[in-house]
Protein chains: 2
Amino acid sequence: MNIGDAARASGLPSKTIRYYEDIGLLVPPRTANGYRDFGPREINILTFLARARALGFTIEECRALLALWQDTDRASADVRRIAQTHLEEIDRKISDLRDMRATLANLVHCCAGDDRPDCPILESLARGGAAG
Amino acid sequence: MNIGDAARASGLPSKTIRYYEDIGLLVPPRTANGYRDFGPREINILTFLARARALGFTIEECRALLALWQDTDRASADVRRIAQTHLEEIDRKISDLRDMRATLANLVHCCAGDDRPDCPILESLARGGAAG
DNA sequence: ATAGGCCTTCCAGTCGCTGGAAGGTCAAGC
DNA sequence: GCTTGACCTTCCAGCGACTGGAAGGCCTAT
């Protein structure tokens, strides 16, 4: 299976797959002509990576998860710890975004959005504090 | 006012201020010895930028907002449009993060997190679908 | 004179790709 | 056998928004 088929099978772009090989996440064998040769094992790794990335795990977290996945003697506690840490990171991001959203929504709400120059959004950015 | 004082006044690291000059967001004058010289005008620009960045506006959005701020003939509609677009972007991010969070929280919840190898998190990443 | 704390520029690295150039390979059609 | 076009290869550069560090200049205090 060539890289294009692996890309279609895993949902990852070919470029990304090459990049993952570059950074050592997987090492597909090569055929005689130098093409990468993806078998079921490689496709499994790629779909694993695609799913982990879709859940927002960093590449290094993916690397760790992949290692645990391939280690049948792993402790599920190790996996859970990574996921838990990531969950907390996501919660932090959501919280930050919600704060931004609240401020911004208020500003947008207060701005007339017409052809006059008066603008609570700019005023707030200039002087600090909320609109009004 | 030297860059260090400007950094303390605006809350931005000196490095970031130099970077902002590099990309043309502000052009502080220089004193005879080549040091950047920050006056009230520059400090205002820097605090404006710091606040806009804190609301998650991209550098290019900041550049546009800054231009509108400095244009007393602006239409508030132009400002509002930028803010509205950014608000939608934030909503998209929050929504994506919430989806991730939901899946991940479920997986974490289902994982025993002990010293045994069985792990619904890895199983889900491997086979797709939810835990269980 | 020297110490230290600023300031300067420039280059490289972060993260996770993504685009593009230059060239090799392969299967189909004529 | 030759061309066409779709694939594959490597390598280098760039994105956004900084951040770190090296090498060197300046300024003030002792």
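Note that these values count all heavy atoms, side chains included, but never hydrogens, waters or copies made by symmetry. A note on names: the letters A, B, ... follow the listed sequences, proteins ahead of strands, and every chain is numbered from 1. As the structure is a computational prediction, the values presented were derived from the model and not from experiment.
Applying the salt bridge (Lys or Arg N to Asp or Glu O under 4.0 Å) test to every pair with at least one member in residues 35-47 of chain B, sequence neighbours left out, gives these pairs: Glu21(B)-Arg36(B). Residue pairs meeting the salt bridge (Lys or Arg N to Asp or Glu O under 4.0 Å) criterion with at least one partner in residues 49-58 of chain A, sequence neighbours excluded, are absent. Evaluation of the ring pair (Phe, Tyr, Trp, His ring centres under 6.0 Å) test over residues 61-80 of chain A, restricted to residues two or more places apart or in two chains, returns Phe48(A)-Trp69(A). Contacts classified as ring pair (Phe, Tyr, Trp, His ring centres under 6.0 Å) and involving residues 74-128 of chain A (residues at least two apart or in different chains) are given here: Phe57(A)-His86(A).
Look at CG on Leu25(B): it is 10 Å from P on dA17(D), rounded to the nearest Å. For the pair Leu12(A) CG and dT18(C) C1', the interatomic distance rounds to 14 Å; values are reported in whole Å. dC7(D) atom P lies 13 Å from atom CD1 of Ile3(A), rounded to whole Å. Rounded to whole angstrom, the span from the CG atom of Asp5(B) across to the P atom of dG5(C) amounts to 16 Å. dG5(C) atom P lies 13 Å from atom CZ of Arg8(B), rounded to whole Å.
When the side-chain nitrogen and oxygen atoms of Asn33(B) are compared with OP1 and OP2 of dT8(C), none of them lie within a distance under 4.0 Å. The phosphate of dG19(C) has neither OP1 nor OP2 within less than 4.0 Å of any side-chain N or O from Arg18(A).
No contact: Ile23(B) has no heavy atom under 4.0 Å from any strand.
Evaluation of the ring pair (Phe, Tyr, Trp, His ring centres under 6.0 Å) rule for Phe38(B) yields no partner, not counting sequence neighbours. Legend: residues meeting side-chain hydrogen bond (donor to acceptor under 3.5 Å, both in side chains) with Ser95(A), ordered by chain and number and at least two apart, are absent. Taking Asn33(B) as the reference, Thr31(B) meet the side-chain hydrogen bond (donor to acceptor under 3.5 Å, both in side chains) condition, with sequence neighbours excluded. In terms of the side-chain hydrogen bond (donor to acceptor under 3.5 Å, both in side chains) criterion, Thr103(B) has no residue partners (sequence neighbours excluded). For Asp5(B), the side-chain hydrogen bond (donor to acceptor under 3.5 Å, both in side chains) partners are Arg8(B), not counting sequence neighbours.
For DNA chain D, the neighbouring residues in residues 34-62 of chain A, judged by any heavy atom under 4.0 Å, are Gly34(A), Tyr35(A), Arg36(A).
Each of Tyr35(A) and Ile3(A) belongs to its own hydrophobic cluster when Ile, Leu, Val, Met, Phe, Trp and Tyr are linked at side-chain heavy-atom distances under 4.5 angstrom.
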Would you list the protein and nucleotides 19-24 of chain D atom pairs, both N or O, that sit under 3.5 Å from each other?
residue	atom	partner	partner atom	Å
dT19(D)	OP2	Thr16(B)	OG1	3.4
dG20(D)	N7	Lys15(B)	NZ	3.0
dG20(D)	O6	Lys15(B)	NZ	2.9
dG21(D)	O6	Lys15(B)	NZ	2.2

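Ion pairing of Arg81(A) with Asp78(A) is present here, as a side-chain N (NZ or NE/NH1/NH2) and a carboxylate O approach within less than 4.0 Å.
When the local axes at the two ends of the helix from dA1(C)-dT30(D) to dC30(C)-dG1(D) are compared, using 5 base pairs at each end, they differ in direction by 30° after rounding to 10°.
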